[in-house]
Amino acid sequence: MAEEAFMKRTATCGSLTRADEGKTVILNGWVHRDRNHGMLHFINLRDRYGITQVVVDDDASPELQRAAAELKLEYCVAVEGLVRLRPDSMINPDMATGEIEVKANKIEILSKCAPLPFMIEEESSAREDLRLKYRFLDLRCDGMQKRIKLRHDFIRAIREYLSARDFYEIETPTLIRSTPEGARDFLVPSRLYAGKFYALPQSPQLLKQILMVSGFDKYFQIARCYRDEDARGDRQLEFTQLDLEMSFVNRDDVLLLMEELFNQVFKTVMNYDLPTHFRRISYHDAMNTYGCDKPDLRFDLPIIDVDDLAKASGFGNFQQILEAGGHVKALCVPHAEGIDFSRKFIGELEEAAKVYGAKGLAWMKVGAGRTLSGGVTKFFSGQEEEVIKRMEAKDGDLILMIAHENWKKCCTSMGAVRSKLGKDLNLIKEGFEFCWIIDFPLFEYNEEEGHWEAAHHMFSMPQVEYLDTLESDPGSVKGDLYDLVLNGYEVASGSIRIHDVELQKRIFRICNIPDDEAEKRFGFLLNAFRYGPPPHGGIAPGIDRMVMIMANQTSIKEVIAFPKNTAAISPMDDSPSTVDDLQLKELHLIIDAPEEK
RNA sequence: GAGGGCGUAGCGAAGCUGGUUAUCGCGACGGCCUGUCACGCCGUAGAUCGCGGGUUCGAGUCCCGUCGCUCUCGCCA
């Protein structure tokens with residue numbers, strides 16, 4: 001065997017136990033902590049698998065002592081030593097390897113480390129942009145290491161489940177035709193064809209539908225998707241989806257498959273038992289009851305319709321809004337220990353509501369003997385009993401009301417209040433609460449553009465009972481659409497697709513895309529649909545978001561190895577960057593450029 | 001495109017109604033230390049208080065502008 005260039009590891013820093021006592025091992029890793037007591041020197045050596053305490057004793061050779069003294073944080077080192085049991089009183093029960101230590105007899109410095117820009121701790125405390133600039137260091141911290149592993153385990157469990165059920169994993173191209181609808185495309189200029197562009201896929205939507213035409217009736221892909229839109233805590237320019245499509249299925253086939261998939265995956269990855277089936281809520285009910293289409297069901301706090309009570313009240317403001325076709329929604333905030341419903345408390349809730357378009361937040365306090373006081377109480381004089389009963393309010397509770405001409409804004413602004421209360425009053429239970437949101441409207445009216453457009457995307461099937469009224473009443477058409485929601489985040493979105501050319505064209509026309517335009521943009525799909533397309537449908541769970549939630553994080557950056565910041569910049573490699581004129585010229589993006597030397 | 005929050009040493013923070021030499025912890029550097037595990041102890045260096053302007057006898061602190069980061073609305077299946 002060839003002589004090694006360095007002392008190669010024979011064990012990892014997480015592997016040694018009592019059973020290894022007496023063995024001579026070599027560890028490779030980084031100096032995590034360094035406690036030098038002069039004649040006694042402890043070094044916590046870390047690798048991906050754990051941390052092991054290395055000891056340099058007073059009987060160490062001068063050479064070894066010199067090497068140990070030279071060590072600094074995050075030096076990459078090899079240590080050869082003897083595994084020995086720690087004295088009983090020195091056992092560290094918080095450490096997986098806390099029963100043993102390695103008495104060093106040789107230390108080799110594999111590489112040195114510059115002074116650190118921040119400490120590598122379990123959860124980094126440095127500002128996010130600094131963490132991103134030094135992402136290679138940030139990724140060394142225990143929290144990031146665990147989350148990257150969780151992500152791997154999650155994806156692996158998905159692959160195993162689907163492969164065992166006859167799904168093929170098929171890659172689709174990431175240089176594709178631009179079919180702009182919805183988000184902005186990232187464009188890639190063509191060198192060979194001046195003025196032409198590829199687009200990076202927003203999702204493999206059309207390609208997977210064409211795979212169905214090809215007979216691959218169970219397909220999935222861990223697909224990278226790109227959208228040129230502003231970033232958010234749960235949105236990046238590029239993200240990863242489990243893209244999945246099946247032929248000869250209806251909605252319930254897809255929902256049941258997903259339920260079984262996530263039951264198995266959560267059990268495998270987190271040893272967590274999900275309910276066999278997830279609750280199904282219509283879009284309309286979700287909006288009315290929770291004020292959003294991605295409700296967090298870890299707490300209840302339902303929104304209640306009080307149009308009739310508001311109408312009978314003496315509150316002119318409410319009545320005007322109701323007469324204009326608006327709505328009044330209410331919420332009963334349960335009395336909580338240590339929280340008084342002060343002006344400040346209510347004011348903050350009002351601010352949260354205003355962000356979503358509410359003009360104000362009306363309130364009343366419920367007192368002893370089923371009385372109301374404060375806020376808008378005087379307008380509800382004589383209705384106290386009825387209001388308290390409707391709201392199922394108890395002594396000390398707070399009743400909140402929002403009125404708005406626009407139903408959706410009325411719902412979402414109260415939804416924002418509900419959401420804030422869930423956090424502020426600590427109502428959110430531990431765990432994972434999935435639900436399906438179904439029966440979405442297929443179209444919504446774009447006021448600016450002055451025409452209908454697809455609420456989700458244009459390839460989703462209308463529910464059969466609306467097929468005759470698509471054109472006459474687009475606003476009432478419900479689609480075979482479904483979203484999967486987890487703890488208040490939309491984690492998957494899917495639908496049964498259209499596989500009929502004529503129906504697809506009707507949808508295009510309603511969305512203001514005439515036939516010739518449709519042929520130009522989506523001709524390849526329509527062409528495929530002329531050759532025996534099967535009925536099909538699918539779904540696309542977001543990997544980043546799901547792992548984020550499983551890891552109890554609030555930003556997907558925490559589960560992506562090299563994310564970009566909110567300004568769409570990667571502080572580590574400083575992309576996007578300028579390129580030289582020669583490159584631009586080759587891509588026909590500029591005409592004047594220096595000739596190649 | 002719009003709003004909120006933040007910006008003080010390599011990192012994390014304190015700095016009140018403006019008032020002498022800008023404080024603390026971690027880290028770095030030097031020294032001491034035989035059972036630590038966030039080791040401890042002594043010492044040293046390290047800050048144009050994001051940047052520009054203004055008010056003032058005097059600005060980290062007040063005002064205006066600007067840049068950066070971050071959260072959110074818009075946007076985003």
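Computation of the quantities below employed the complete heavy-atom set of this structure, encompassing side-chain atoms and omitting hydrogens, waters and symmetry-equivalent molecules. Quick note on labels: first sequence line is chain A, next is B, and so on, each numbered from 1.
- Listed pair A:N565 / B:C69 meets the phosphate criterion, a side-chain N or O lying under 4.0 Å from OP1 or OP2.
- Side-chain N/O atoms of A:R35 include none lying less than 4.0 angstrom from OP1 or OP2 on B:U36.
- Considering only side-chain atoms of A:S493, the nucleotide from B:C75, B:C73, B:A77 that sits closest is B:A77.
- Rounded to an integer number of Å, the gap from A:H32 NE2 to B:A38 C1' is 9 Å.
- When each of B:C76, B:G74, B:C33 is scored by its nearest atom to the side-chain atoms of A:A183, the top-ranked nucleotide is B:C76.
- Annotation: B:G12 and B:G65 have their P atoms spaced 28 Å apart (nearest Å).
- Under the Watson-Crick or G-U wobble criterion, with both distances below 3.5 Å, B:C24 is paired with B:G12.
- Nucleotides B:U48 and B:U44, compared at atom C1', are 23 Å apart to the nearest Å.
- Close to B:U36, at under 4.0 Å from its OP1 or OP2, lies no side-chain N or O of A:R86.
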Walk along nucleotides 2-15 of chain B from 5' to 3' and tag each nucleotide B, S or - by protein heavy-atom contact under 4.0 Å, base first, then sugar-phosphate. --------SSS---

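- Nearest to the side-chain atoms of A:Q202 among the listed nucleotides B:C69, B:A77, B:U36 stands B:A77.
- One P atom belongs to B:C67, the other to B:A22, and the distance between them is 31 Å to the nearest Å.
- Among the nucleotides B:C71, B:G35, B:G74, the one closest to the side chain of A:K557 is B:C71.
- Computed from coordinates, the A:D230 CG to B:C76 P distance equals 11 Å when rounded to whole Å.
- Rounded to whole angstrom, the span from the NZ atom of A:K408 across to the C1' atom of B:G74 amounts to 13 Å.
- If you check B:U70, B:C76, B:C69 against the side chain of A:T566, the one that comes closest is B:U70.
- Ring centroids of A:F440 and A:H456 are separated by 6.0 Å or more, keeping the two rings apart.
- Between the C1' atom of B:A77 and the CD atom of A:E490 lies a distance of 7 Å, rounded to the nearest Å.
- Heavy atoms of other residues, nucleotides or ligands lying less than 6.0 angstrom from CG of A:N552 number 12 at most.
- Taking atom C1' on both B:G4 and B:C49, the two are 23 Å apart, rounded to the nearest angstrom.
- A straight line from CD of A:E122 to C1' of B:C26 spans 17 Å, rounded to a whole angstrom.
- Rounding to whole angstrom units, CD1 of residue A:I91 and P of B:U36 are separated by 14 Å.
- Taking atom NE2 of residue A:H457 and atom P of nucleotide B:C76, one finds them 15 Å apart after rounding to whole Å.
- B:U36 has no base stacking with the ring of A:H37 when judged by centroids under 5.5 angstrom apart and an interplanar angle below 30°.
- For B:U66, the paired base is B:G50 (Watson-Crick or G-U wobble, both distances below 3.5 Å).
- Rounding to whole angstrom units, CG of residue A:N92 and P of B:C39 are separated by 11 Å.
- Both A:V355 and A:E121 lie close to RNA chain B; mapped to their nearest nucleotides by heavy-atom distance, the more 5′-ward contact belongs to A:E121.
- In the interface, the side chain of A:R227 is not paired with the base of B:C75 through any donor and acceptor atom under 3.5 Å apart.
- A cation-pi arrangement is absent between A:R184 and A:Y226 under the rule of less than 6.0 angstrom and at most 45 degrees off the ring axis.
- With B:C69, B:U36, B:A38 as the candidates, the nucleotide lying closest to the side chain of A:R33 is B:A38.
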